[in-house]
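Below is one structure; the comments refer to it alone.
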Amino acid sequence: MNKRVVTHEFDDIRPLNNDEVKDAIEELIACQDFEDAFRYIKPDLDWNDFSKIMRSCKTKEEFKERLAYDAVMLIAKATTFSLTISGRSRLPKGNEPCTFISNHRDIVLDAAFLNIMLYDVGYGLTQVAIGDNLLIKPWIKTLVRLTNSFIVKRSTAGRQKLIESHILSAYIHHTIKETKESIWIAQREGRAKDSNDKTQSSMLKMLNMAGEKDILSNLMELNIVPVAISYEYDPCDFLKAQEAQQRRDNPDFVKSQRDDLFSMETGILNNKGRVHFTIGTPINNTLKSLNPEMEKNELYTSIASVIDEEIYCHYRFYPCNYIAYDMITGTKRFGNMYGLKDKKNFDAYLQGQIDKIVLPNKDEPFLREKILEMYSNPLKNHLSVIDK
C-alpha cells in the first residue's frame, strides 16, 4: 500500500499534516469559543501576542512544543500538588515506537500529562486516540488534530462500526510500523466510572483486526506498554456518582453533550492533588508465553488480564485510597497508612463533593458509597495481584 493511498484512507481520522497547520491555526485564531476557552485558563492573556506566537508555528511539532506543552504545564501547576513519572527505565530503548495502553481517569489530561512527561525525559511525543463523542465543537476537533491526536469513531453502529474499527486498526499499525510514532490509547471506551479498571477485549480485537498474522503476533508488532495512572483526587468523582444514581433511577438516562463538556471542564480545571504515572513492563515477552491455540475469546481475555495486572501492580496510593478501603470494608486493615488528620480531611472532602450534587431525590448514602468505591477499587485490584 503506497503512502498516497494510506493517507487518503485515514484522512478523516488522522492528525493534521504539516501543510495543513497554517490554515488550522488561522481557524483557531478566528474562533471566539477557542479564545474564550484559553482565556479561562489564562485570564491575563494578551490575545494579539498569543496569536503571533501561534502563527509562528509552522509544524505540529512546533505548535506542541511552543504552545501545547506550556498550556498543559500551566494546568498542572494550577491543579496538581505534583506531577511525577516512574518506570522510565522500562521505556523501549532508542525511542522504539510502542503502544501505551493505560487506565483512564481524566478525559483530556491523561494523555496530555503523559506526553509532557515523556517529552521531558527525551522519549518523544505520542499520537493520542480521542473519541469523536468529545469533539463537541468544531474548534475542539481542529485543536486535537493539530496536537497530533487521531479520532476514534464511536457514534457508528453495525457494519459501519466494523469498517471504522478496521480503518482505526490499520491506522494504528501504520503509525507504529511505518511512520514510527508511538501512540496512546485507553484500555477501554470511556472512563471506568467506579475506577475498577479493566481492559476491554473489544479494544484488543480492534488492535488485531488489521494485522496480517495470528493474534499474538499482530499485537506483539504494536509493542504494547501498560501505564498505570494514579490521581490522588478525581475532580469528576461527584459527577460520576451523580450519573450512577441517575442511571439507577432511570435506566434510559443518557448524558448530554453539555454533560460531557462540563465533565471535561471540571476535570481540567479542578484540584487533582498528587498525580503519578508509572510505565509498566512491555508485555511482548509475556505474550510469547501464551498458548496461541487457545480459543479466541479466551485468548483475548488472557491478554487483557496481562495488561490489567501490569497496571494494578503499579498504581500509586494515597491516604484517601487507604481510608476509602477501610470505610467501605468496615475494617482497619490500613490504619497505619493514615492519621486522624488524613481521615478528617478526607471526610470533609467527601462531604464537600456530595454537596455539589443536585438531584431531585438525592440519595446521600448511595452517592457516598459510589465515591468510596472509586477510591478503594484501585487498591482492591492491586491487592488481588500481590496477594496471589
Side-chain angles (χ1 to χ4, degrees), residues 1 3 6-7 10 13-15 17-18 59-62 64-65 68-69 72 84-104 110-130 147-150 152 168-187 199 203-229 276-290 292 303-304 306-311 313-314:
M1 190 179 288
K3 287 192 174 182
V6 168
T7 301
F10 304 136
I13 67 168
R14 62 167 173 77
N17 290 325
N18 282 333
T59 65
K60 291 179 297 181
E61 290 71 23
E62 289 178 359
K64 289 169 74 173
E65 290 172 7
Y69 178 93
V72 175
T84 51
I85 189 169
S86 60
R88 290 175 290 176
S89 63
R90 291 188 283 267
L91 285 168
K93 306 305 179 192
N95 270 353
E96 180 187 355
C98 63
T99 302
F100 293 107
I101 296 181
S102 78
N103 58 312
H104 197 12
D110 288 348
F113 282 161
L114 177 62
N115 253 333
I116 63 170
M117 288 189 288
L118 290 175
Y119 181 78
D120 281 345
V121 301
Y123 183 76
L125 299 166
T126 70
Q127 288 197 27
V128 172
I130 186 165
T147 53
N148 224 25
S149 295
F150 59 96
V152 179
L168 177 62
S169 180
Y171 179 76
I172 291 170
H173 280 265
H174 170 76
T175 301
I176 295 289
K177 293 186 282 188
E178 302 299 328
T179 62
K180 305 293 185 184
E181 289 183 84
S182 293
I183 68 158
W184 172 88
I185 190 167
Q187 66 181 170
T199 300
M203 188 272 293
L204 297 174
K205 290 175 182 177
M206 178 277 294
L207 291 177
N208 172 66
M209 287 179 79
E212 298 175 349
K213 303 175 184 176
D214 60 276
I215 294 170
L216 291 173
S217 298
N218 290 339
L219 294 182
M220 283 191 280
E221 285 183 348
L222 298 179
N223 197 15
I224 294 171
V225 179
V227 178
I229 302 176
H276 187 77
F277 286 63
T278 306
I279 307 298
T281 303
I283 67 170
N284 275 1
N285 285 338
T286 307
L287 295 186
K288 289 175 187 175
S289 68
L290 297 179
I303 297 166
V306 169
I307 296 170
D308 291 345
E309 291 192 7
E310 192 61 26
I311 290 172
C313 282
H314 290 111

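Residue numbers run from 1 in the order of the sequence given. Note that the structure is predicted; figures quoted are calculated from it, not measured.
One N or O on the side chain of Glu310 and one on the backbone of Thr281 form a donor-acceptor pair closer than 3.5 Å. For Thr278 (side chain) and His314 (main-chain N/O), a donor-acceptor pair under 3.5 Å exists by modelled atom type.
Distance check: Ile283 CD1 to Leu219 CG gives 7.0 Å after rounding to the nearest 0.5 Å. In this structure, CD in Glu61 is found 5.0 Å from CG in Asn18, a value given to the nearest 0.5 Å.
Taking the side-chain hydrogen bond (donor to acceptor under 3.5 Å, both in side chains) definition, one finds that Ser102 meets it with Trp184, sequence neighbours left out. Contacts of Tyr119 classified as side-chain hydrogen bond (donor to acceptor under 3.5 Å, both in side chains), with partners at least two apart in sequence or in another chain: none. Every residue two or more places apart in sequence or in another chain was checked for a side-chain hydrogen bond (donor to acceptor under 3.5 Å, both in side chains) with Thr99, and none qualifies. In this structure Glu96 satisfies the side-chain contact (heavy atoms from CB on, under 4.5 Å) test together with Pro92, Asn223, sequence neighbours excluded. Residues that satisfy the ring-ring contact (aromatic ring centres under 6.0 Å, His included) test with Phe277, not counting sequence neighbours, are absent from this structure. Remark: Lys288 pairs with no residue by the side-chain hydrogen bond (donor to acceptor under 3.5 Å, both in side chains) rule, at least two apart or across chains.
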task: Take Ile101 and Leu207 through the side-chain contact (heavy atoms from CB on, under 4.5 Å) test and state the conclusion after the steps.
output: CA-CA 11 Å; Ile101 296 181; Leu207 291 177; 4.1 Å; yes

- request: Apply the test side-chain contact (heavy atoms from CB on, under 4.5 Å) to residues Met203 and Val152: give CA-CA distance (whole Å), side-chain angles for both, the deciding distance (0.1 Å), then the verdict.
  value: CA-CA 11 Å; Met203 188 272 293; Val152 179; over 6 Å; no

